[in-house]
Amino acid sequence: MGCFECCIKCLGGVPYASLVATILCFSGVALFCGCGHVALTGTLTMLENHFSQITTDHATLTIVIQTMQYVIYGIASFFFVYGIILLAEGFYTTSAVKKELQSQFKTTVCGRCITATFVFLTYILGLAFLGIFGFSAIPVFLFYNMWTTCAAMKSPMANITDPDSICVDVRQYGIIPWNATPGKACGSTLGDICSTSEFYLSFHLYIVACAGAGATLIALLIYMMATTYNYAALKFMSHGNSRSTKFSEPY
């Protein structure tokens with residue numbers, strides 16, 4: 001067998017769907033976890049400096065943010081391992097199907113059960129990350145509202161007679177309690193907050209984190225389709241229909 005034929009054979013055994021999903025998953029999780037962690041820290045700093053100057057008022061919020069950051073560590077570690085496992089499962093299944101086509105390998109009930117388990121787990125993770133994607137859009141919406149308010153005040157087209165009457169009250173979102181001091185920012189104070197590095201950086205990092213969550217969700221959907229196809233192929237092969245139809249993981 002020549003070098004060219006060997007390369008073609010090796011490339012034929014690559015589960016391209018799982019490979020693309022793995023790259024997309026790692027990229028999405030890295031963006032979501034890295035940007036989300038930094039954005040949470042910047043948000044807490046901004047709230048402490050401008051909206052809740054008494055430590056006891058935002059003590060609960062601090063605990064929640066720290067907990068979310070620990071959860072981010074767990075998500076990053078879990079998806080790093082899970083992505084590698086799914087990629088390995090894709091290589092195994094593609095190889096098993098091709099060997100079974102040549103009558104060199106027979107799939108077992110255990111192998112099909114493992115593939116079915118991955119289909120179920122990926123489906124559950126997809127639903128979970130759908131919720132995470134929706135949740136990550138909330139801070140983007142809040143920061144966007146604040147940014148548009150500041151932009152409206154600074155616009156030369158705006159005819160505002162009393163800038164101090166324009167305020168952003170973060171207490172109404174349930175982020176800090178109603179007795180927090182000052183709890184809101186108005187007029188020039190609000191404009192100064194929008195000009196801080198904490199606001200600018202956190203706003204854009206939340207956008208990137210939301211995009212990363214969306215990329216991870218797409219990766220999980222690709223994983224689910226690939227593992228479902230693999231399971232169907234293995235089950236079909238196990239019923240002795242491999243003579244008429246050839247299967248491999250979709251490219």
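- Under the 4.5 Å side-chain criterion, counting only non-hydrogen atoms from C-beta, Glu48 is not in contact with Gln53.
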**Stepwise side chain to side chain contact (heavy atoms under 4.5 Å, CB included) test for Thr227 and Glu89** = CA-CA 8 Å; Thr227 52; Glu89 193 272 342; 3.9 Å; yes
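- Taking the side-chain contact (heavy atoms from CB on, under 4.5 Å) definition, one finds that Ile54 meets it with Thr56, Asp57, Thr181, sequence neighbours left out.
- Within the 4.5 Å cutoff, the side chain of His58 has no heavy atoms near those of the Leu47 side chain.
- In terms of heavy atoms, Val208 sits closest to Cys35 at CG1-SG, 3.5 Å.
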Contacts table for residues 210-226: side-chain donor-acceptor under 3.5 angstrom, sequence neighbours left out:
residue : atom : partner : partner atom : Å
Thr216  : OG1  : Val29   : N            : 3.2
Thr216  : OG1  : Gly212  : O            : 2.9
Tyr223  : OH   : Thr22   : N            : 3.3
Tyr223  : OH   : Thr22   : OG1          : 2.5

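- Under a cut-off of 6.0 angstrom, the local environment of OH in Tyr173 is crowded, with over 12 non-hydrogen atoms contributed by other residues, nucleotides or ligands.
- With no hydrogens or angles considered, no side-chain donor-acceptor pair links Ser195 and Tyr200 at under 3.5 Å.
- Listed by first and then second residue, the salt bridge (charged side-chain N to carboxylate O under 4.0 Å, His left out) pairs involving residues 176-200 amount to none (not counting sequence neighbours).
- For Tyr73, the side-chain contact (heavy atoms from CB on, under 4.5 Å) partners two or more places apart in sequence, or in a different chain, are His37, Tyr70.
- Within the hydrophobic cluster formed by Ile, Leu, Val, Met, Phe, Trp and Tyr side chains joined at under 4.5 Å, directly or through other members, Trp178 stands alone, with no partner residue.
- Closest non-hydrogen pair, Gly83 versus Phe26, comes out as CA-CE2, 4.2 Å.
- In this structure, Tyr123 has no ring pair (Phe, Tyr, Trp, His ring centres under 6.0 Å) partners at least two apart in sequence or on a different chain.
- With sequence neighbours left out, Phe51 forms a ring pair (Phe, Tyr, Trp, His ring centres under 6.0 Å) with no residue at all.
- At a threshold of 4.5 Å between side-chain heavy atoms, the hydrophobic network of Ile, Leu, Val, Met, Phe, Trp and Tyr places Leu86 and Leu121 in one connected group.
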**Request:** Using the side chain to side chain contact (heavy atoms under 4.5 Å, CB included) rule, take Tyr206 and Leu201 through it: C-alpha gap first, then chi angles, then the decisive distance, then the call.
**Result:** CA-CA 9 Å; Tyr206 276 126; Leu201 182 61; over 6 Å; no
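- Linking ILVMFWY side-chain heavy atoms closer than 4.5 Å, directly or via other members, places Phe203 and Leu205 in two distinct hydrophobic clusters.
- Linking Ile, Leu, Val, Met, Phe, Trp and Tyr residues whenever their side-chain heavy atoms come within less than 4.5 Å places Ile176 and Val168 in a single cluster.
- Under a hydrophobic-cluster definition in which Ile, Leu, Val, Met, Phe, Trp and Tyr are linked whenever side-chain heavy atoms come within less than 4.5 Å, directly or via other members, Phe133 and Ile207 are assigned to different clusters.
- In this view, Ile75 and Phe32, Cys33, Val71, Phe79, Phe129, Ile132 satisfy the side-chain contact (heavy atoms from CB on, under 4.5 Å) rule, not counting sequence neighbours.
- Residues passing the ring pair (Phe, Tyr, Trp, His ring centres under 6.0 Å) test with Phe135: none are found, sequence neighbours excluded.
- Screening residues 166-178 for salt bridge (charged side-chain N to carboxylate O under 4.0 Å, His left out) gives Asp169-Arg171 as the qualifying pairs, with residues at least two apart or on separate chains.
- Once rounded to the nearest 0.5 Å, the distance linking SG of Cys25 with CD1 of Ile84 reads 10.5 Å.
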Under 3.5 Å, side-chain donor or acceptor atoms of residues 140-152 against the rest of the protein: list the pairs with distances, not counting sequence neighbours.
residue : atom : partner : partner atom : Å
Thr148  : OG1  : Tyr144  : O            : 3.0
Thr148  : OG1  : Asn145  : O            : 2.8
Thr149  : OG1  : Asn145  : O            : 2.8

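- Across all non-hydrogen atoms, the minimal contact from Ser52 to Ala180 is OG-CB, 4.2 Å.
- A donor-acceptor pair under 3.5 Å links the side-chain atoms of Thr122 to the main chain of Phe118, judged by distance alone.
- No donor-acceptor pair under 3.5 Å is formed between the side chain of Ser202 and the backbone N or O of Phe199.
- Atoms OG1 and CG, on Thr43 and Leu61 in that order, are 9.0 Å from each other to the nearest 0.5 Å.
- Taken to the nearest 0.5 Å, the CD1 atom of Ile175 stands 13.5 Å off from the OG1 atom of Thr60.
- Atoms CD1 and OG1, from Ile72 and Thr67 in turn, are 11.0 Å apart once rounded to the nearest 0.5 Å.
- Val20 pairs by the side-chain contact (heavy atoms from CB on, under 4.5 Å) definition with nothing, not counting sequence neighbours.
- Hydrophobic clustering keeps Leu31 apart from Phe80 (ILVMFWY residues linked when any side-chain heavy atoms are closer than 4.5 Å, directly or through intermediates).
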